[in-house]
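Note that the structure is a prediction, hence the values are computed from the model and not measured.
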Amino acid sequence: QVQFVESGGGLVQPGGSLRLSCAASRSIFSITVMGWYRQAPGKQRELVARIFSGGITNYADSVKGRFTISRDNSRNTVYLQMNNLKPEDTAVYYCNTDPVGAWGQGTQVTVSS
């Protein structure tokens with residue numbers, strides 16, 4: 001089963017940017033859909049963005065226009081570029097397939113002044 005290691009999180013001020021990376025333990029070439037998910041304190045985990053193998057992307061309404069998901073199959077890596085971050089984006093961010101498999105440890109994103 002493929003495993004994921006997320007990185008790139010941190011503390012950023014409102015309006016700032018971060019780029020998250022997700023390294024897979026094996027090739028993601030054959031994985032049709034990859035997604036970024038997040039879980040804020042006291043809330044359920046939610047799908048933030050997903051990307052199909054052909055490049056089509058979907059976003060949650062809350063991040064549309066601010067976040068961009070991409071994938072590099074040659075590097076077995078999925079990215080999430082996050083711009084104009086807001087305090088409500090604070091959460092642990094995870095990547096996974098869609099439908100989901102095993103979860104990684106995630107990377108913490110904190111947006112605060």
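- Within 6.0 Å of the CD atom in Glu46, the count of heavy atoms belonging to other residues, nucleotides or ligands exceeds 12.
- The backbone N or O of Asn83 sits nowhere less than 3.5 Å from a side-chain atom of Ser17 that would complete a donor-acceptor pair.
- Applying the salt bridge (Lys or Arg N to Asp or Glu O under 4.0 Å) test to residues at least two apart or on different chains, the pairs with a partner in residues 95-107 are Arg50-Asp98.
- Hydrophobic cluster membership differs between Trp103 and Met34, with clusters built from Ile, Leu, Val, Met, Phe, Trp and Tyr side chains linked at under 4.5 angstrom.
- The aromatic rings of Phe67 and Tyr93 sit tilted relative to each other, their planes meeting at an angle between 30° and 60°.
- Panel note: side chain Arg38, backbone Thr90; no donor-acceptor pair is recorded below 3.5 Å.
- Considering OG of Ser53 and CZ of Phe29, their distance stands at 8.0 Å, rounded to 0.5 Å.
- Residues Met82 and Val109 meet the side-chain proximity criterion, which asks for heavy atoms closer than 4.5 Å.
- The closest donor-acceptor contact from the side chain of Asn58 to the backbone of Ala49 lies at 3.5 Å or more, if one exists at all.
- Cation-pi geometry between Arg19 and Tyr79 is satisfied (NZ or CZ under 6.0 Å from the ring centre, within 45° of the ring normal).
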(request) Give the C-alpha distance, both sets of side-chain angles, the deciding distance and a yes or no for side-chain contact (heavy atoms from CB on, under 4.5 Å) between Tyr59 and Ile69. (result) CA-CA 9 Å; Tyr59 298 92; Ile69 187 172; 3.5 Å; yes
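- The neighbour count for Gln108 CD, taken as heavy atoms of other residues, nucleotides or ligands under 6.0 Å away, is above 12.
- Linking Ile, Leu, Val, Met, Phe, Trp and Tyr whenever their side-chain heavy atoms come within less than 4.5 Å puts Val12 and Leu80 in one cluster.
- With hydrogens and angles ignored, the 3.5 Å screen pairs no side-chain donor or acceptor of Asn84 with any backbone N or O of Arg66.
- A 4.5 Å side-chain heavy-atom check between Phe4 and Gln105 finds every atom pair outside the cut-off.
- For the side-chain contact (heavy atoms from CB on, under 4.5 Å) test with Arg71, the passing option among Thr57, Val78, Asn76 is Val78; the others fail.
- Side-chain contact check for Leu18 versus Leu85: some heavy-atom pair is nearer than 4.5 Å.
- Under the salt bridge (charged side-chain N to carboxylate O under 4.0 Å, His left out) criterion, Lys43 pairs with no residue at all, not counting sequence neighbours.
- Between Asp89 and Lys86 there is no salt bridge, since no side-chain N of the basic residue sits under 4.0 Å from a carboxylate O of the acidic one.
- Val100 has its side chain within reach of Tyr37: a pair of non-hydrogen atoms, C-beta onward, lies under 4.5 Å apart.
- Annotation: side chain of Ile56 is not in contact with side chain of Ile51 (no heavy-atom distance under 4.5 Å).
- Looking at Thr77, its side chain never comes within 3.5 Å of a backbone N or O of Asp72 through a donor-acceptor pair.
- With values rounded to the nearest 0.5 angstrom, Ser21 atom OG is found 10.5 Å from Arg75 atom CZ.
- Here the closest heavy-atom approach between residue Cys22 and residue Trp36 is recorded as CB-CZ2, 3.5 Å.
- Nearest heavy atom pair, residue Pro14 against residue Ser113, reads CD-N, 3.7 Å.
- One hydrophobic cluster, built from ILVMFWY side chains closer than 4.5 Å, holds both Val2 and Leu20.
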